[in-house]
Every structure is written in C-alpha cells, then in structure tokens.
Amino acid sequence: MRINYRKDNKYFGADIYVPTDKVTEAIQVLPNKPWDGTGVITSCRDRVRVDYR
C-alpha cells in the first residue's frame, strides 16, 4: 500500500507491503503515526488495483 508522510515540512511517499487482510485495519491505524524518525504519516491508500511497473 502507499503511504504519504510529512517530515520537516516536506511531503514524501513510500510503498509498504501490507497483507491484503490487514489493509483496511492499516488504513484506519496508520495516519498520524510516526514514520522515518521525525516524520508523521498523513494518509495511506490501498494499491492492490494499481499497476506495478
């Protein structure tokens, strides 16, 4: 799934692997959690239907 996070007033994105049965839970739990040291997760979304290249 794709997560977006803010660190030092800049926005970044990252792809992380989440088992399909945990995606709904992760979308509810992850926002506002710390990420990459001082970063904070702002949003996340499922990427199952996205074409990986």
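In plain terms, the two heavy atoms of Pro31 and Cys44 that are nearest each other are CD-SG, 4.2 Å. The two atoms that bring Tyr5 and Ala14 nearest to each other are CE2-CB, 4.2 Å, heavy atoms only. Looking at every heavy atom in both residues, Ile16 comes nearest to Leu30 through CD1-CD1, 4.1 Å.
Annotation: Lys22, atom NZ; neighbour count of heavy atoms from other residues, nucleotides and ligands within 6.0 Å does not exceed 12.
Shown here are the ring pair (Phe, Tyr, Trp, His ring centres under 6.0 Å) partners of Tyr11, two or more places apart in sequence or in another chain: there are none.
Side-chain atoms of Met1 and Ile27, non-hydrogen and from C-beta on, do get closer than 4.5 Å to each other.
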- Would Phe12 and Asp36 count as a side chain to side chain contact (heavy atoms under 4.5 Å, CB included) if you check the C-alpha gap in whole Å, the side-chain angles of each, and the deciding distance to 0.1 Å? CA-CA 10 Å; Phe12 302 92; Asp36 192 17; 5.9 Å; no
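The distance from atom OG1 of Thr38 to atom CZ of Arg6, rounded to the nearest 0.5 Å, is 10.5 Å. Distance OG1/Thr24 to CG/Asp46: 7.5 Å, rounded to 0.5 Å.
A donor-acceptor pair shorter than 3.5 Å can be found between the side chains of Ser43 and Asn4.
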